[in-house]
Asks: 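Dumping the structure here so I can ask a few things about it.
Quantities reported herein were computed from a predicted structural model and do not represent experimental measurements.
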Amino acid sequence: MGGRPRCERHDLLWFAAAILSLCATTPAAAAGTATARHQQPEASSMTVHVPIPMTTLAEPYASIHQTLTAHRNSHKDWVALGGGTGFLKYRVWPGEQSSTTTGVRLLSQSSFPFGVEYAKQINGTVTKIADCGQQDASTGTGRLSVTLATTLTQGRAYTLLPASSVTAVEANRPCRLSEQGVDTAPLMAQVYRSELQGILPTVDRKAGALVTLKPAVAQVWKDLQEPLLLDEAEGVWLQLNPEAIGPAGIETLSGTPTAGYGVTARPTVVRGTKPLSRPLALPDLQSQFHDDGFHVAFALQVPIEEANQRLREAVVGQEWSLGVGTIKIVGATLYPLGNQVGVELILRGLLPLTLRLKGTPAYDESTGRILFRDVDYTIKERTPATDLAEEWLHEPLRNELAGRLVFPVREELDLMRQALEKGLNRNLTGGRLRGTVSRLSLEALTVQTANLSVRFKTEGMLHYDAHADIAAP
(Lines give C-alpha, C1' and ligand atoms only; values in the text may rest on other atoms or scores of the structure.)
Protein backbone atom coordinates (compact mmCIF):
# COMPACT_ATOMS: atom_id res chain seq x y z
CA MET A 1 0.00 0.00 0.00
CA GLY A 2 3.00 2.20 -0.48
CA GLY A 3 1.64 3.65 -3.74
CA ARG A 4 -1.53 4.19 -5.67
CA PRO A 5 -2.88 0.91 -7.08
CA ARG A 6 -2.67 0.70 -10.88
CA CYS A 7 -4.45 -1.95 -12.91
CA GLU A 8 -3.34 -2.56 -16.48
CA ARG A 9 -5.84 -1.45 -19.09
CA HIS A 10 -5.67 -4.71 -21.04
CA ASP A 11 -6.83 -6.61 -17.94
CA LEU A 12 -10.02 -4.59 -17.81
CA LEU A 13 -10.55 -5.03 -21.55
CA TRP A 14 -10.55 -8.78 -20.95
CA PHE A 15 -13.53 -8.22 -18.70
CA ALA A 16 -15.26 -6.14 -21.41
CA ALA A 17 -14.54 -8.76 -24.05
CA ALA A 18 -16.10 -11.41 -21.85
CA ILE A 19 -19.27 -9.40 -21.39
CA LEU A 20 -19.55 -8.65 -25.11
CA SER A 21 -18.87 -12.22 -26.15
CA LEU A 22 -21.90 -13.30 -24.19
CA CYS A 23 -24.07 -11.24 -26.51
CA ALA A 24 -22.95 -12.84 -29.73
CA THR A 25 -21.80 -16.40 -29.10
CA THR A 26 -23.69 -18.00 -26.23
CA PRO A 27 -26.29 -20.54 -27.42
CA ALA A 28 -29.85 -20.21 -26.26
CA ALA A 29 -30.82 -22.20 -23.21
CA ALA A 30 -33.89 -23.48 -25.05
CA ALA A 31 -34.72 -23.35 -28.72
CA GLY A 32 -36.57 -20.24 -29.76
CA THR A 33 -36.87 -18.90 -26.22
CA ALA A 34 -33.75 -16.76 -25.77
CA THR A 35 -35.29 -13.52 -26.92
CA ALA A 36 -36.72 -11.31 -24.21
CA ARG A 37 -40.28 -10.26 -24.89
CA HIS A 38 -41.21 -8.18 -21.94
CA GLN A 39 -43.25 -5.81 -24.05
CA GLN A 40 -44.81 -5.54 -27.48
CA PRO A 41 -42.15 -4.92 -30.15
CA GLU A 42 -41.84 -1.34 -31.34
CA ALA A 43 -43.57 -0.47 -34.62
CA SER A 44 -41.24 -0.29 -37.59
CA SER A 45 -41.59 0.65 -41.27
CA MET A 46 -40.50 -0.75 -44.61
CA THR A 47 -41.43 -0.04 -48.24
CA VAL A 48 -42.51 -2.47 -50.94
CA HIS A 49 -41.93 -1.54 -54.59
CA VAL A 50 -44.17 -3.23 -57.17
CA PRO A 51 -43.23 -2.57 -60.84
CA ILE A 52 -46.16 -1.25 -62.87
CA PRO A 53 -46.82 -3.12 -66.14
CA MET A 54 -46.63 -0.03 -68.34
CA THR A 55 -47.01 -2.01 -71.58
CA THR A 56 -50.42 -3.25 -70.50
CA LEU A 57 -51.37 0.19 -69.20
CA ALA A 58 -50.41 1.82 -72.53
CA GLU A 59 -52.69 -0.36 -74.68
CA PRO A 60 -55.90 1.73 -74.41
CA TYR A 61 -53.97 4.93 -75.26
CA ALA A 62 -52.43 3.29 -78.33
CA SER A 63 -55.91 2.71 -79.77
CA ILE A 64 -57.54 5.91 -78.52
CA HIS A 65 -57.60 7.56 -81.96
CA GLN A 66 -59.37 4.57 -83.53
CA THR A 67 -61.79 4.60 -80.60
CA LEU A 68 -62.54 8.28 -81.06
CA THR A 69 -62.95 7.91 -84.85
CA ALA A 70 -65.29 4.92 -84.45
CA HIS A 71 -67.36 6.92 -81.98
CA ARG A 72 -67.51 9.86 -84.38
CA ASN A 73 -68.42 7.66 -87.37
CA SER A 74 -71.17 5.81 -85.48
CA HIS A 75 -72.86 9.07 -84.53
CA LYS A 76 -72.30 10.74 -87.90
CA ASP A 77 -72.61 14.10 -86.17
CA TRP A 78 -71.28 17.36 -87.49
CA VAL A 79 -69.13 19.41 -85.16
CA ALA A 80 -70.52 22.93 -84.92
CA LEU A 81 -67.96 25.70 -85.42
CA GLY A 82 -68.19 29.29 -84.26
CA GLY A 83 -71.72 29.06 -82.86
CA GLY A 84 -73.08 27.33 -85.96
CA THR A 85 -71.50 29.40 -88.72
CA GLY A 86 -69.86 26.24 -90.05
CA PHE A 87 -69.74 22.53 -89.51
CA LEU A 88 -67.00 19.91 -89.70
CA LYS A 89 -66.62 16.16 -89.94
CA TYR A 90 -63.31 14.35 -89.91
CA ARG A 91 -61.85 10.94 -90.41
CA VAL A 92 -58.54 9.62 -89.13
CA TRP A 93 -56.37 7.26 -91.13
CA PRO A 94 -54.01 4.72 -89.47
CA GLY A 95 -50.61 6.18 -88.57
CA GLU A 96 -47.68 5.71 -86.21
CA GLN A 97 -48.02 5.14 -82.49
CA SER A 98 -45.44 4.91 -79.71
CA SER A 99 -45.26 5.24 -75.96
CA THR A 100 -42.43 6.10 -73.60
CA THR A 101 -42.00 6.45 -69.87
CA THR A 102 -40.57 9.65 -68.47
CA GLY A 103 -40.15 9.44 -64.72
CA VAL A 104 -43.51 8.24 -63.46
CA ARG A 105 -45.45 9.53 -66.50
CA LEU A 106 -46.58 7.60 -69.56
CA LEU A 107 -46.25 9.60 -72.77
CA SER A 108 -48.27 8.38 -75.77
CA GLN A 109 -47.27 9.87 -79.14
CA SER A 110 -49.24 9.51 -82.35
CA SER A 111 -48.87 10.83 -85.88
CA PHE A 112 -51.58 10.15 -88.45
CA PRO A 113 -53.24 11.49 -91.65
CA PHE A 114 -56.70 12.98 -91.48
CA GLY A 115 -59.42 14.14 -93.81
CA VAL A 116 -62.10 16.78 -93.34
CA GLU A 117 -65.59 17.56 -94.65
CA TYR A 118 -66.77 21.15 -94.31
CA ALA A 119 -70.45 22.23 -94.36
CA LYS A 120 -72.66 25.25 -93.90
CA GLN A 121 -76.28 25.59 -93.00
CA ILE A 122 -78.28 26.36 -96.12
CA ASN A 123 -82.04 26.85 -95.88
CA GLY A 124 -82.00 25.20 -92.44
CA THR A 125 -80.10 22.17 -93.62
CA VAL A 126 -76.44 21.36 -92.91
CA THR A 127 -75.00 20.99 -96.39
CA LYS A 128 -71.51 19.81 -97.29
CA ILE A 129 -69.69 22.24 -99.54
CA ALA A 130 -66.06 21.03 -99.56
CA ASP A 131 -63.69 18.34 -98.32
CA CYS A 132 -60.07 17.21 -98.27
CA GLY A 133 -58.31 13.91 -97.71
CA GLN A 134 -61.46 11.82 -97.91
CA GLN A 135 -60.45 9.38 -100.66
CA ASP A 136 -57.35 7.70 -99.21
CA ALA A 137 -54.52 8.37 -96.79
CA SER A 138 -52.11 9.51 -99.50
CA THR A 139 -54.27 11.96 -101.38
CA GLY A 140 -54.76 15.44 -99.97
CA THR A 141 -54.74 14.46 -96.34
CA GLY A 142 -53.46 16.63 -93.54
CA ARG A 143 -51.38 15.25 -90.69
CA LEU A 144 -51.59 15.67 -86.93
CA SER A 145 -49.10 14.82 -84.20
CA VAL A 146 -50.66 14.20 -80.79
CA THR A 147 -49.03 13.70 -77.38
CA LEU A 148 -50.88 12.45 -74.30
CA ALA A 149 -49.43 12.46 -70.79
CA THR A 150 -50.73 10.01 -68.19
CA THR A 151 -49.91 10.31 -64.50
CA LEU A 152 -50.65 7.60 -61.95
CA THR A 153 -51.89 7.66 -58.40
CA GLN A 154 -52.82 4.81 -56.10
CA GLY A 155 -56.42 3.89 -55.55
CA ARG A 156 -58.12 1.79 -52.94
CA ALA A 157 -58.05 -2.01 -53.17
CA TYR A 158 -54.50 -1.95 -54.61
CA THR A 159 -55.54 -0.34 -57.89
CA LEU A 160 -54.05 2.42 -60.06
CA LEU A 161 -55.84 5.61 -61.05
CA PRO A 162 -54.54 6.96 -64.38
CA ALA A 163 -55.24 10.63 -65.16
CA SER A 164 -54.41 11.81 -68.70
CA SER A 165 -54.27 15.14 -70.47
CA VAL A 166 -53.56 16.30 -74.01
CA THR A 167 -50.19 18.03 -73.94
CA ALA A 168 -49.85 18.73 -77.67
CA VAL A 169 -51.84 18.57 -80.92
CA GLU A 170 -49.84 19.92 -83.83
CA ALA A 171 -50.70 20.18 -87.53
CA ASN A 172 -47.72 18.92 -89.50
CA ARG A 173 -49.28 18.92 -92.96
CA PRO A 174 -52.10 21.03 -94.38
CA CYS A 175 -55.44 19.68 -95.52
CA ARG A 176 -56.85 22.14 -98.08
CA LEU A 177 -60.52 22.24 -98.95
CA SER A 178 -61.16 21.21 -102.55
CA GLU A 179 -63.04 24.37 -103.59
CA GLN A 180 -61.76 27.21 -101.41
CA GLY A 181 -58.19 25.95 -100.93
CA VAL A 182 -58.39 26.88 -97.21
CA ASP A 183 -56.10 24.89 -94.87
CA THR A 184 -58.28 23.15 -92.27
CA ALA A 185 -55.37 21.70 -90.29
CA PRO A 186 -55.30 24.43 -87.56
CA LEU A 187 -59.06 24.11 -87.11
CA MET A 188 -58.84 20.33 -87.07
CA ALA A 189 -56.16 20.54 -84.36
CA GLN A 190 -58.50 22.59 -82.12
CA VAL A 191 -61.50 20.32 -82.71
CA TYR A 192 -59.52 17.13 -82.23
CA ARG A 193 -57.91 18.35 -79.00
CA SER A 194 -61.33 19.16 -77.53
CA GLU A 195 -62.86 15.83 -78.49
CA LEU A 196 -59.83 13.87 -77.34
CA GLN A 197 -59.86 15.58 -73.95
CA GLY A 198 -63.53 14.63 -73.59
CA ILE A 199 -62.93 10.93 -74.13
CA LEU A 200 -59.81 10.64 -71.96
CA PRO A 201 -61.63 9.98 -68.63
CA THR A 202 -63.30 6.92 -70.18
CA VAL A 203 -60.00 5.65 -71.54
CA ASP A 204 -58.32 6.27 -68.15
CA ARG A 205 -60.91 4.12 -66.42
CA LYS A 206 -60.41 1.38 -69.01
CA ALA A 207 -56.64 1.48 -68.54
CA GLY A 208 -56.94 1.39 -64.75
CA ALA A 209 -59.18 -1.67 -64.94
CA LEU A 210 -56.51 -3.57 -66.87
CA VAL A 211 -54.00 -3.45 -64.01
CA THR A 212 -54.53 -4.74 -60.49
CA LEU A 213 -51.58 -4.97 -58.12
CA LYS A 214 -53.32 -6.88 -55.35
CA PRO A 215 -52.09 -10.39 -56.34
CA ALA A 216 -48.51 -9.08 -56.50
CA VAL A 217 -48.75 -7.36 -53.12
CA ALA A 218 -50.35 -10.49 -51.64
CA GLN A 219 -47.30 -12.52 -52.71
CA VAL A 220 -44.97 -9.98 -51.13
CA TRP A 221 -47.07 -9.95 -47.95
CA LYS A 222 -46.78 -13.73 -47.78
CA ASP A 223 -42.99 -13.50 -48.14
CA LEU A 224 -42.74 -10.96 -45.33
CA GLN A 225 -44.39 -13.36 -42.89
CA GLU A 226 -41.66 -15.99 -43.31
CA PRO A 227 -38.89 -15.91 -40.65
CA LEU A 228 -35.51 -14.83 -42.05
CA LEU A 229 -32.39 -16.72 -40.96
CA LEU A 230 -29.74 -14.18 -39.99
CA ASP A 231 -27.09 -16.49 -38.53
CA GLU A 232 -27.17 -20.21 -39.22
CA ALA A 233 -24.42 -21.10 -36.75
CA GLU A 234 -26.15 -19.34 -33.86
CA GLY A 235 -29.72 -19.98 -35.03
CA VAL A 236 -30.70 -16.31 -35.12
CA TRP A 237 -33.99 -15.50 -36.89
CA LEU A 238 -35.71 -12.24 -37.77
CA GLN A 239 -39.49 -12.16 -37.79
CA LEU A 240 -40.82 -9.03 -39.52
CA ASN A 241 -44.43 -9.50 -38.30
CA PRO A 242 -46.19 -7.18 -40.80
CA GLU A 243 -49.52 -5.93 -39.52
CA ALA A 244 -50.68 -3.02 -41.73
CA ILE A 245 -50.06 -1.56 -45.18
CA GLY A 246 -50.74 1.77 -46.87
CA PRO A 247 -49.94 3.63 -50.11
CA ALA A 248 -46.41 5.06 -50.33
CA GLY A 249 -46.64 6.80 -53.71
CA ILE A 250 -45.49 6.19 -57.26
CA GLU A 251 -41.76 6.45 -57.95
CA THR A 252 -39.14 5.14 -60.35
CA LEU A 253 -36.79 2.33 -59.40
CA SER A 254 -33.94 1.65 -61.84
CA GLY A 255 -35.89 3.59 -64.45
CA THR A 256 -39.12 1.61 -63.95
CA PRO A 257 -42.27 3.20 -62.48
CA THR A 258 -43.26 1.34 -59.32
CA ALA A 259 -46.16 1.51 -56.91
CA GLY A 260 -44.89 1.89 -53.37
CA TYR A 261 -46.64 0.34 -50.39
CA GLY A 262 -45.57 1.13 -46.85
CA VAL A 263 -45.68 -1.79 -44.44
CA THR A 264 -45.96 -1.32 -40.69
CA ALA A 265 -44.36 -4.23 -38.88
CA ARG A 266 -43.25 -5.23 -35.39
CA PRO A 267 -39.99 -7.11 -35.99
CA THR A 268 -38.43 -9.37 -33.39
CA VAL A 269 -35.20 -11.38 -33.20
CA VAL A 270 -35.47 -15.01 -32.08
CA ARG A 271 -32.69 -17.50 -31.35
CA GLY A 272 -33.14 -21.24 -31.67
CA THR A 273 -35.21 -23.33 -34.08
CA LYS A 274 -37.12 -21.69 -36.93
CA PRO A 275 -40.25 -19.94 -35.56
CA LEU A 276 -43.62 -20.59 -37.10
CA SER A 277 -44.77 -18.14 -39.77
CA ARG A 278 -48.01 -16.19 -39.32
CA PRO A 279 -50.64 -16.91 -42.02
CA LEU A 280 -52.09 -13.39 -41.87
CA ALA A 281 -54.19 -12.44 -44.92
CA LEU A 282 -53.36 -9.24 -46.80
CA PRO A 283 -55.31 -6.49 -45.00
CA ASP A 284 -57.27 -3.67 -46.60
CA LEU A 285 -55.16 -0.73 -47.69
CA GLN A 286 -54.97 2.03 -45.11
CA SER A 287 -55.54 5.61 -46.24
CA GLN A 288 -51.97 6.74 -45.56
CA PHE A 289 -48.52 5.59 -44.49
CA HIS A 290 -45.88 7.36 -42.44
CA ASP A 291 -42.32 6.10 -42.90
CA ASP A 292 -40.52 6.04 -39.54
CA GLY A 293 -37.64 3.90 -40.82
CA PHE A 294 -36.83 0.30 -40.01
CA HIS A 295 -35.67 -0.44 -36.49
CA VAL A 296 -35.77 -3.39 -34.16
CA ALA A 297 -34.88 -3.65 -30.50
CA PHE A 298 -34.01 -7.03 -29.11
CA ALA A 299 -32.62 -8.45 -25.89
CA LEU A 300 -30.52 -11.60 -25.76
CA GLN A 301 -30.56 -13.56 -22.53
CA VAL A 302 -27.75 -15.81 -21.29
CA PRO A 303 -28.12 -18.23 -18.33
CA ILE A 304 -26.32 -16.77 -15.33
CA GLU A 305 -24.25 -19.95 -14.78
CA GLU A 306 -22.84 -19.75 -18.26
CA ALA A 307 -22.30 -15.98 -18.00
CA ASN A 308 -20.28 -16.46 -14.82
CA GLN A 309 -18.25 -19.25 -16.36
CA ARG A 310 -17.36 -17.10 -19.38
CA LEU A 311 -16.48 -14.19 -17.08
CA ARG A 312 -14.15 -16.37 -15.00
CA GLU A 313 -12.44 -17.74 -18.10
CA ALA A 314 -11.68 -14.16 -19.15
CA VAL A 315 -10.57 -12.54 -15.86
CA VAL A 316 -9.47 -15.17 -13.36
CA GLY A 317 -5.70 -15.32 -13.33
CA GLN A 318 -5.23 -11.71 -14.40
CA GLU A 319 -2.98 -9.63 -12.14
CA TRP A 320 -1.65 -6.10 -11.93
CA SER A 321 0.95 -4.19 -9.94
CA LEU A 322 0.35 -1.84 -7.05
CA GLY A 323 3.95 -0.65 -7.07
CA VAL A 324 5.01 -2.64 -3.99
CA GLY A 325 3.28 -5.83 -4.93
CA THR A 326 0.66 -7.41 -7.17
CA ILE A 327 -2.96 -8.38 -6.91
CA LYS A 328 -4.36 -11.42 -8.69
CA ILE A 329 -7.99 -12.20 -9.50
CA VAL A 330 -8.86 -15.72 -8.35
CA GLY A 331 -12.64 -15.52 -8.56
CA ALA A 332 -15.40 -13.51 -10.25
CA THR A 333 -19.19 -13.66 -9.98
CA LEU A 334 -21.94 -11.49 -11.46
CA TYR A 335 -24.78 -10.43 -9.22
CA PRO A 336 -28.00 -8.44 -9.91
CA LEU A 337 -28.30 -4.79 -8.98
CA GLY A 338 -31.37 -3.63 -10.86
CA ASN A 339 -30.23 -1.24 -13.60
CA GLN A 340 -26.61 -1.60 -12.52
CA VAL A 341 -24.03 -4.33 -13.08
CA GLY A 342 -22.44 -5.94 -10.06
CA VAL A 343 -19.25 -8.02 -10.10
CA GLU A 344 -17.80 -9.73 -7.04
CA LEU A 345 -14.03 -10.11 -7.42
CA ILE A 346 -11.92 -12.31 -5.13
CA LEU A 347 -8.41 -10.89 -4.97
CA ARG A 348 -5.24 -12.46 -3.62
CA GLY A 349 -1.69 -11.14 -3.30
CA LEU A 350 -0.77 -7.88 -1.64
CA LEU A 351 -4.38 -7.27 -0.59
CA PRO A 352 -6.27 -10.55 -0.08
CA LEU A 353 -9.86 -9.38 -0.09
CA THR A 354 -13.19 -9.53 -1.91
CA LEU A 355 -14.45 -6.46 -3.75
CA ARG A 356 -18.04 -5.91 -4.75
CA LEU A 357 -18.02 -3.49 -7.68
CA LYS A 358 -21.09 -1.83 -9.08
CA GLY A 359 -21.76 0.61 -11.89
CA THR A 360 -24.43 1.75 -14.34
CA PRO A 361 -23.55 0.77 -17.94
CA ALA A 362 -24.24 3.33 -20.68
CA TYR A 363 -23.40 3.35 -24.38
CA ASP A 364 -21.74 6.48 -25.78
CA GLU A 365 -22.69 6.56 -29.47
CA SER A 366 -20.22 9.33 -30.35
CA THR A 367 -17.19 7.35 -29.14
CA GLY A 368 -18.53 3.83 -29.57
CA ARG A 369 -17.72 2.88 -25.99
CA ILE A 370 -19.46 1.42 -22.96
CA LEU A 371 -19.05 3.68 -19.96
CA PHE A 372 -19.83 2.81 -16.38
CA ARG A 373 -21.32 5.69 -14.46
CA ASP A 374 -21.76 5.90 -10.69
CA VAL A 375 -18.95 3.36 -10.16
CA ASP A 376 -18.27 2.35 -6.58
CA TYR A 377 -17.13 -0.64 -4.60
CA THR A 378 -17.29 -2.08 -1.14
CA ILE A 379 -14.96 -4.49 0.67
CA LYS A 380 -16.79 -7.63 1.67
CA GLU A 381 -14.40 -8.79 4.42
CA ARG A 382 -13.30 -5.83 6.53
CA THR A 383 -10.19 -5.90 8.75
CA PRO A 384 -8.18 -3.12 10.43
CA ALA A 385 -5.73 -3.32 7.49
CA THR A 386 -8.43 -3.03 4.85
CA ASP A 387 -10.13 -0.25 6.82
CA LEU A 388 -6.89 1.70 6.82
CA ALA A 389 -6.36 1.11 3.11
CA GLU A 390 -9.96 2.07 2.46
CA GLU A 391 -9.56 5.33 4.34
CA TRP A 392 -6.64 6.39 2.16
CA LEU A 393 -7.41 4.65 -1.14
CA HIS A 394 -11.18 4.47 -1.60
CA GLU A 395 -11.67 7.75 -3.45
CA PRO A 396 -8.62 7.52 -5.76
CA LEU A 397 -9.26 3.81 -6.41
CA ARG A 398 -12.93 4.48 -7.21
CA ASN A 399 -11.96 7.27 -9.61
CA GLU A 400 -9.29 5.05 -11.15
CA LEU A 401 -11.80 2.27 -11.75
CA ALA A 402 -14.39 4.72 -13.11
CA GLY A 403 -11.86 6.08 -15.59
CA ARG A 404 -10.60 2.69 -16.69
CA LEU A 405 -13.94 0.91 -16.98
CA VAL A 406 -14.36 2.28 -20.50
CA PHE A 407 -14.69 -0.40 -23.13
CA PRO A 408 -14.57 0.26 -26.91
CA VAL A 409 -17.28 -1.80 -28.59
CA ARG A 410 -17.73 -0.05 -31.94
CA GLU A 411 -15.81 -2.74 -33.79
CA GLU A 412 -17.94 -5.51 -32.29
CA LEU A 413 -21.17 -3.61 -32.96
CA ASP A 414 -20.07 -2.91 -36.54
CA LEU A 415 -19.52 -6.62 -37.07
CA MET A 416 -22.99 -7.31 -35.72
CA ARG A 417 -24.41 -4.54 -37.90
CA GLN A 418 -22.74 -5.99 -40.98
CA ALA A 419 -24.05 -9.47 -40.18
CA LEU A 420 -27.58 -8.12 -39.73
CA GLU A 421 -27.35 -6.09 -42.94
CA LYS A 422 -26.16 -9.16 -44.84
CA GLY A 423 -29.20 -11.05 -43.58
CA LEU A 424 -31.51 -8.26 -44.76
CA ASN A 425 -30.27 -8.47 -48.36
CA ARG A 426 -31.54 -11.63 -50.02
CA ASN A 427 -33.76 -13.05 -52.74
CA LEU A 428 -37.28 -14.08 -51.79
CA THR A 429 -40.06 -15.75 -53.78
CA GLY A 430 -41.57 -12.57 -55.17
CA GLY A 431 -38.52 -10.31 -55.32
CA ARG A 432 -35.49 -9.14 -53.41
CA LEU A 433 -35.20 -7.78 -49.89
CA ARG A 434 -32.87 -4.78 -49.71
CA GLY A 435 -31.87 -3.39 -46.33
CA THR A 436 -29.35 -1.07 -44.74
CA VAL A 437 -28.51 -0.83 -41.05
CA SER A 438 -27.22 2.66 -40.41
CA ARG A 439 -26.86 2.22 -36.66
CA LEU A 440 -26.67 -0.57 -34.14
CA SER A 441 -26.32 0.47 -30.53
CA LEU A 442 -26.21 -1.23 -27.16
CA GLU A 443 -29.06 0.12 -25.04
CA ALA A 444 -28.77 -1.83 -21.82
CA LEU A 445 -26.79 -4.53 -20.03
CA THR A 446 -28.33 -5.91 -16.87
CA VAL A 447 -27.63 -8.83 -14.56
CA GLN A 448 -30.71 -10.68 -13.37
CA THR A 449 -31.05 -13.55 -10.94
CA ALA A 450 -31.29 -16.21 -13.64
CA ASN A 451 -29.60 -14.59 -16.61
CA LEU A 452 -27.56 -11.79 -18.14
CA SER A 453 -29.62 -9.59 -20.47
CA VAL A 454 -28.13 -7.45 -23.23
CA ARG A 455 -30.44 -5.15 -25.18
CA PHE A 456 -29.62 -3.78 -28.63
CA LYS A 457 -31.41 -1.46 -31.05
CA THR A 458 -30.94 -1.15 -34.79
CA GLU A 459 -31.98 1.66 -37.09
CA GLY A 460 -31.98 1.70 -40.88
CA MET A 461 -34.12 1.20 -43.97
CA LEU A 462 -35.75 -1.91 -45.45
CA HIS A 463 -37.18 -2.29 -48.96
CA TYR A 464 -38.75 -5.13 -50.91
CA ASP A 465 -38.24 -4.83 -54.67
CA ALA A 466 -40.75 -7.12 -56.37
CA HIS A 467 -39.83 -8.93 -59.58
CA ALA A 468 -40.43 -6.99 -62.81
CA ASP A 469 -43.15 -9.39 -64.01
CA ILE A 470 -44.91 -9.95 -60.70
CA ALA A 471 -47.85 -7.70 -61.64
CA ALA A 472 -48.04 -8.70 -65.33
CA PRO A 473 -51.54 -9.91 -66.39
Side-chain angles (χ1 to χ4, degrees), residues 4-26 29 36 299-322 326-364 369-383 386 389-390 393-409 412-413 442-456:
R4 181 179 178 184
R6 296 182 58 84
C7 47
E8 298 295 333
R9 183 172 297 274
H10 69 270
D11 297 329
L12 294 175
L13 291 179
W14 270 101
F15 172 72
I19 295 296
L20 289 172
S21 67
L22 296 171
C23 313
T25 61
T26 304
L300 302 181
Q301 293 185 339
V302 181
I304 194 65
E305 297 84 359
E306 188 166 355
N308 280 322
Q309 180 60 34
R310 294 295 298 273
L311 176 63
R312 290 169 189 137
E313 290 173 359
V315 302
V316 170
Q318 300 299 310
E319 57 184 293
W320 63 89
S321 173
L322 289 176
T326 61
I327 292 180
K328 184 177 182 179
I329 301 176
V330 298
T333 305
L334 293 165
Y335 64 92
L337 275 176
N339 292 329
Q340 291 189 309
V341 170
V343 180
E344 184 172 286
L345 295 178
I346 301 175
L347 308 179
R348 292 295 181 262
L350 180 64
L351 291 175
L353 50 79
T354 301
L355 285 184
R356 293 179 65 90
L357 288 85
K358 63 179 181 179
T360 303
Y363 179 64
D364 185 351
R369 301 183 302 177
I370 295 179
L371 310 175
F372 283 84
R373 300 190 175 99
D374 305 321
V375 174
D376 207 346
Y377 72 89
T378 58
I379 299 175
K380 188 174 182 180
E381 299 125 347
R382 305 185 66 88
T383 67
T386 60
E390 176 78 351
L393 294 177
H394 183 92
E395 191 70 17
L397 181 57
R398 183 181 65 82
N399 293 338
E400 181 77 13
L401 290 174
R404 289 180 174 273
L405 289 176
V406 176
F407 308 126
V409 295
E412 289 84 354
L413 292 182
L442 187 151
E443 287 201 317
L445 188 154
T446 56
V447 179
Q448 300 166 354
T449 302
N451 54 59
L452 173 72
S453 179
V454 188
R455 185 170 179 82
F456 299 92

Asks: Minimum heavy-atom separation for L345 to A332, with atom names?
Replies: CD2-CB, 3.8 Å
Asks: P361 and Q340: which non-hydrogen atoms are nearest, and at how many Å?
Replies: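 In this case the closest contact between P361 and Q340 is CD-CA, 4.3 Å.
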Asks: Work out which heavy atom in R373 is nearest to a heavy atom in A362; give both atom names and the distance.
Replies: NH1-CB, 2.7 Å
Asks: Residues in salt bridge (Lys or Arg N to Asp or Glu O under 4.0 Å) with E344, at least two apart?
Replies: R356, K380
Asks: Quick one: side chain to side chain donor-acceptor pair (under 3.5 Å) partners of T333, sequence neighbours excluded?
Replies: R312
Asks: Under 4.5 Å between any side-chain heavy atoms of T449 and I304, yes or no?
Replies: no
Asks: Measuring only between side-chain heavy atoms, which start at C-beta, is V341 closer than 4.5 Å to T446?
Replies: no
Asks: Could you check if a side-chain atom of L347 sits within less than 4.5 angstrom of a side-chain atom of T354, using non-hydrogen atoms only?
Replies: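 Counting from C-beta outward, L347 and T354 never come under 4.5 Å.
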Asks: Tell me, please, which residues at least two apart from R382 pass salt bridge (Lys or Arg N to Asp or Glu O under 4.0 Å).
Replies: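 Per chain and number, R382 pairs via salt bridge (Lys or Arg N to Asp or Glu O under 4.0 Å) with D387.
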Asks: Just jot down the side chain to side chain donor-acceptor pair (under 3.5 Å) partners of E305, sequence neighbours excluded, or say none.
Replies: none
Asks: Can you tell me how far apart OG1 (T378) and CG (L355) are? Round to the nearest 0.5 Å.
Replies: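 T378 OG1 to L355 CG: 7.5 Å, rounded to 0.5 Å.
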Asks: Could you list the residues that satisfy side chain to side chain donor-acceptor pair (under 3.5 Å) with D376, not counting sequence neighbours?
Replies: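 Only H394 meet the side chain to side chain donor-acceptor pair (under 3.5 Å) criterion with D376.
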Asks: How far apart are the closest heavy atoms of R348 and V330, and which atoms are they?
Replies: CG-CG2, 3.7 Å
Asks: My understanding is that only residues two or more places apart in sequence, or in another chain, count here; which of them pass side-chain contact (heavy atoms from CB on, under 4.5 Å) with T383?
Replies: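 If we apply the side-chain contact (heavy atoms from CB on, under 4.5 Å) test to T383, skipping adjacent residues, the hits are A385, T386.
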